[in-house]
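As structure tokens, the structure follows; a few thoughts come after it.
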Number of protein chains: 2
Amino acid sequence: MSTPRSDPLALEVVDLIGTVVARYHEEYAEAATRHHLTVAQARVLALLATEPAAMRSIARQLRCEPSNVTGIIDRLEARGLVERLPDPVDRRVRIAAATDEGHRTARDLGGAPSFAREALAELSAEELGTLRDLLRRIPGCGGTDV
Amino acid sequence: MSTPRSDPLALEVVDLIGTVVARYHEEYAEAATRHHLTVAQARVLALLATEPAAMRSIARQLRCEPSNVTGIIDRLEARGLVERLPDPVDRRVRIAAATDEGHRTARDLGGAPSFAREALAELSAEELGTLRDLLRRIPGCGGTDV
DNA sequence: CATGATTGTTTCAGAAAATCAAGCATTTCT
DNA sequence: AGAAATGCTTGATTTTCTGAAACAATCATG
């Protein structure tokens, strides 16, 4: 069951989540700056390092307009971190993929693994398991994509 | 004690945190847009609704250049949501404070309370307590300010 | 199969956000 | 009092972002 959550405890938890969010972002921004990338560029590069994606798909994942993605990819491409490839199936589509150097940079950026190492260092495996189970119960966090 | 955290479990937790971060941001952006505010403006307004702050202090909390804050406050001021007040102690300092309408807008924005209501609805009070305790153990999340 | 609608990307114009360097006023230090 | 430091703003520039319009390619349908 669940009661309407406006009690102090829920607010404190939200506040803590807010702090984690802030820290997450801060480290991300720092790592990006270290590599002379903006946050938006680093985000897209990390995304493409996982797997190549069509422009439209990137826009959907970033929840922004496709025309915005064009510019970001332009700049990443100009630096040799990303390249545009044709889609063999649909000739309208252009697939952005990380180059070798892009993959190297993405790896250097750290991202999730480094956050895992630094932020969760204090928690035991059992506590991590509990944390995972609780986070999974937050709606919209079960599936990979909406 | 703590082991180096690069194991799959830690990575999954970071991934979940990432999802929560994304959701947090998404709702923030949505609420801001609803009020014809940008995310940056909404963030500053929420900050000032809690308590007035000098420009420099805002910049520190946003981790950006003071000159950036000038512009954001300019636009909020132009819309009557914020006003600049002199600091009675130091005549260099300008204190930004939310106006009555600014406070109203900030309240309408929802922010933490609405996230608490929607995202944490499924968790019981006991589970929330556990979650709080675990989040508190993430370094840099204990104190209010760095 | 031809035509019309839809889709995927880009271009353009424009606002906002962000950085950096410089400038100005005020405060603090010596 | 004079020099250094502090707080904010301005101006120039880049990046992010949106929305409208253009264009090519695909799809749907009669």
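Lettering follows sequence order; numbering is per chain, from 1. Keep in mind that this is a model prediction, so the values were computed, not measured.
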Quiz prompt | Protein-nucleotide distance (B:E65, atom CD; D:dA12, atom C1'), rounded to Å | solution =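 Computing the B:E65:CD to D:dA12:C1' distance gives 15 Å.
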Self-check item: Spacing of B:N68 atom CG relative to D:dT14 atom P, expressed in whole Å
Solution: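 That distance rounds to 17 Å.
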Practice problem: Using distance alone, with no hydrogens and no angle criterion, decide if B:S57 and B:Q61 have a side-chain donor and acceptor under 3.5 Å apart. | Solution: yes
Exercise. Could I get the full list of salt bridge (Lys or Arg N to Asp or Glu O under 4.0 Å) partners for A:D133, not counting sequence neighbours?
Key: A:R136
Quiz prompt | Qualifying residues under salt bridge (Lys or Arg N to Asp or Glu O under 4.0 Å), relative to B:R132, sequence neighbours excluded | solution = A:E12
Keeping the roles fixed (side chain from [X], backbone from [Y]), state whether a donor-acceptor pair exists under 3.5 Å.
X	Y	value
B:E77	B:R84	yes
B:E127	B:S124	yes
B:R137	A:E122	yes

Practice problem: To the nearest 0.5 Å, tell me how far B:L131 CG sits from A:L9 CG. | Solution: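 Going from the CG atom of B:L131 to the CG atom of A:L9 covers 9.0 Å.
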Exercise. Would you give the length of the straight line joining atom CZ of B:R63 to atom CG of B:N68, rounded to the nearest 0.5 angstrom?
Key: 14.5 Å
Quiz item: Which of residues 30-56 of chain A have a heavy atom under 4.0 Å from DNA chain C?
Solution: A:A54, A:M55, A:R56
Quiz prompt | Those residues of residues 73-92 of chain B lying under 4.0 Å from DNA chain C by at least one heavy atom | solution = B:R75, B:D90, B:R91, B:R92
Quiz item: Charged N to carboxylate O below 4.0 Å: is that the case for B:R79 and B:E101?
Solution: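 Here B:R79 does not pair with B:E101 in a salt bridge, since their nearest N and O are not under 4.0 Å apart.
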Quiz prompt | D:dT9 phosphate, OP1 or OP2, under 4.0 Å from B:R94 side-chain N/O | solution = yes
Quiz prompt | Nucleotide range of DNA chain C lying under 4.0 Å from chain A heavy atoms | solution = C:dT7 to C:dT11
Show which side-chain atoms of residues 28-40 of chain B pair as donor or acceptor with protein atoms under 3.5 Å away, not counting sequence neighbours.
residue : atom : partner : partner atom : Å
B:T33   : OG1  : B:A29   : O            : 2.8
B:T38   : OG1  : B:Q41   : N            : 3.2

